[in-house]
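Structure, as structure tokens:
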Amino acid sequence: MALLQTPPGNLGSEAPDFLLPGVDGRDHSLREYGGAPALVIMFICNHCPYVQAVEDRLFRLARELQPRGVQFVAISSNDPTSYPQDDFQHMRQRATEKAYPFPYLFDETQQVAMAYGAVCTPDFFVYDANRHLAYRGRLDDSPRDPSAVSREELKDAILQILDGRPPAAVQNPSIGCSIKWRGVAPN
């Protein structure tokens, strides 16, 4: 497991388009979230211990903010040949078992992860109503221990967007396992 930090976000950049299959049996595109006042795109996977450590917090956050129109979309871009636990069937199984409250999409070609500049799991991107990047950072200040959270940075950024204010200028990087790119030996 290679531990990475996300680079700073190119704030103001437009959300790259995508069309990806979801574990719900439908294809999902960026356009279908056009009416959302904020859109959270997160790159996750099944096997990463950093993702597993924040899953329940993500579910709570999504359930809390979805009634306000916020859309959450999870994308897995890991190479399923090297990491079979991240293949589409296992994604479907995990989403069902954990009752994911948001679409879980498979980026088999890894082109969407590359377009977004995603580097690790989890990797969070928050777009405003115009689909301009407003936040790229971590979920909170305790990636592994939910009892030690003192700042919910992703939530704060979303609430600021909903209030028509820009999120804080200082955005702390997310940390997690590297995205498992095709043609790269497992670590």
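For reference, positions follow the sequence shown, starting with 1.
- With 3.5 Å as the limit, one finds a donor-acceptor pair spanning the side chains of Tyr104 and Asn46.
- Side-chain N/O atoms of Gln110 and Asp79 include no donor and acceptor closer than 3.5 Å.
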Decide yes or no on side chain to side chain contact (heavy atoms under 4.5 Å, CB included) for Val126 and Leu39, but give the supporting numbers first. CA-CA 6 Å; Val126 183; Leu39 173 65; over 6 Å; no
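- Residues Leu20 and His28 have side chains not in contact (no heavy-atom distance under 4.5 Å, counting atoms from C-beta outward).
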Chi angles and distances behind the side chain to side chain contact (heavy atoms under 4.5 Å, CB included) call for Phe18, Gln111: CA-CA 9 Å; Phe18 60 82; Gln111 290 178 353; over 6 Å; no
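- A 4.5 Å side-chain heavy-atom check between Thr81 and Arg182 finds at least one atom pair inside the cut-off.
- In this structure, the separation between CZ on Phe125 and OG on Ser13 is 8.5 Å, given to the nearest 0.5 Å.
- Heavy atoms only, all atoms of each residue included: Ala134 and Pro167 are closest at O-CG, 3.4 Å.
- Distance alone, capped at 3.5 Å, is enough to place a donor-acceptor pair between the Ser174 side chain and the Pro122 backbone.
- When the side chains of ILVMFWY residues are joined at heavy-atom separations under 4.5 Å, either directly or via intervening members, Leu159 and Leu139 end up in a single hydrophobic cluster.
- By the 6.0 Å and 45° rule, Arg144 stacks over the aromatic ring of Tyr50.
- Side-chain atoms of Glu153 and Gln171, non-hydrogen and from C-beta on, never get closer than 4.5 Å to each other.
- Follow the hydrophobic side-chain contacts under 4.5 Å out from Ile175 and you never reach Val149; the two are in separate clusters.
- Here the side chains of Val51 and His47 are not in contact, with every heavy-atom distance at 4.5 Å or above.
- Residues Gln85 and Asn78 have side chains not in contact (no heavy-atom distance under 4.5 Å, counting atoms from C-beta outward).
- A donor-acceptor contact under 3.5 angstrom links the side chains of Ser147 and Asp145, judged on distance only.
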Apply side chain to side chain contact (heavy atoms under 4.5 Å, CB included) to Ser77 and Phe43, showing your working. CA-CA 7 Å; Ser77 298; Phe43 290 85; 3.7 Å; yes
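- In this structure, Leu154 CG and Arg136 CZ are separated by 13.0 Å, a value rounded to the nearest 0.5 Å.
- Counted by atom type alone, Gln93 and Gln89 present zero donor-acceptor pairs between their side chains at under 3.5 Å.
- Within the 4.5 Å cutoff, the side chain of Arg131 has no heavy atoms near those of the Glu14 side chain.
- Ile75 and Val23 end up in different hydrophobic clusters when Ile, Leu, Val, Met, Phe, Trp and Tyr side chains are linked at under 4.5 Å.
- Transitive grouping of hydrophobic side chains (ILVMFWY, heavy atoms separated by less than 4.5 Å) keeps Val112 and Val119 in distinct clusters.
- Asp128 contributes a side-chain N or O that, together with a main-chain N or O of Asn130, makes up a donor-acceptor pair within less than 3.5 Å.
- Outside the 6.0 Å centre-distance limit, the rings of Tyr135 and Phe124 are not counted as a close aromatic pair.
- Neither side chain, His90 nor Arg92, offers a donor N or O lying under 3.5 Å from an acceptor on the other.
- Residues Leu162 and Val40 are members of one and the same hydrophobic cluster, defined by side-chain heavy-atom contacts under 4.5 angstrom among Ile, Leu, Val, Met, Phe, Trp and Tyr.
- The residues Asp140 and Arg57 are annotated as salt-bridged, a charged nitrogen and a carboxylate oxygen being separated by less than 4.0 angstrom.
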How far apart are the C-alpha atoms of Arg26 and Glu32, what are their side-chain angles, what is the distance that settles it, and do they pass the salt bridge (charged side-chain N to carboxylate O under 4.0 Å, His left out) test? CA-CA 12 Å; Arg26 296 182 333 133; Glu32 78 183 76; 3.0 Å; yes
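- Under a 3.5 Å cut-off, the side chain of Asp141 and the backbone N or O of Arg151 do form a donor-acceptor pair.
- The shortest side-chain heavy-atom distance between Ser82 and Lys180 does not fall under the 4.5 Å cut-off.
- Without hydrogens or angle criteria, Gln71 side chain to Pro37 main chain gives no donor-acceptor distance under 3.5 Å.
- Only one option out of Asp107, Ile41, Leu133 pairs with Tyr116 in a side-chain contact (heavy atoms from CB on, under 4.5 Å); it is Ile41.
- No side-chain heavy atom of Ser150 sits under 4.5 Å from any side-chain heavy atom of Ser142.
- Of all heavy-atom pairs between Ala74 and Ile44, the closest is CB-CD1, 3.6 Å.
- Partners of Phe106 by ring pair (Phe, Tyr, Trp, His ring centres under 6.0 Å), not counting sequence neighbours, listed by chain and number: Phe88.
- Atoms OG and CG, from Ser29 and Leu19 in turn, are 6.0 Å apart once rounded to the nearest 0.5 Å.
- Minimum heavy-atom separation, Cys120 to Ile179: N-CG1, 3.8 Å.
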Glu152 and Arg60: CA distance, side-chain angles, deciding distance, salt bridge (charged side-chain N to carboxylate O under 4.0 Å, His left out) verdict: CA-CA 12 Å; Glu152 296 179 280; Arg60 278 194 305 277; over 6 Å; no
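- Minimum interatomic distance between Asp86 and Ser76 (heavy atoms only, all atoms of both residues): O-OG, 4.2 Å.
- Distance check, rounded to the nearest 0.5 Å: CG of Leu105 to CE of Met42 gives 9.5 Å.
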How far apart are the C-alpha atoms of Tyr127 and Tyr33, what are their side-chain angles, what is the distance that settles it, and do they pass the side chain to side chain contact (heavy atoms under 4.5 Å, CB included) test? CA-CA 11 Å; Tyr127 293 88; Tyr33 308 107; over 6 Å; no
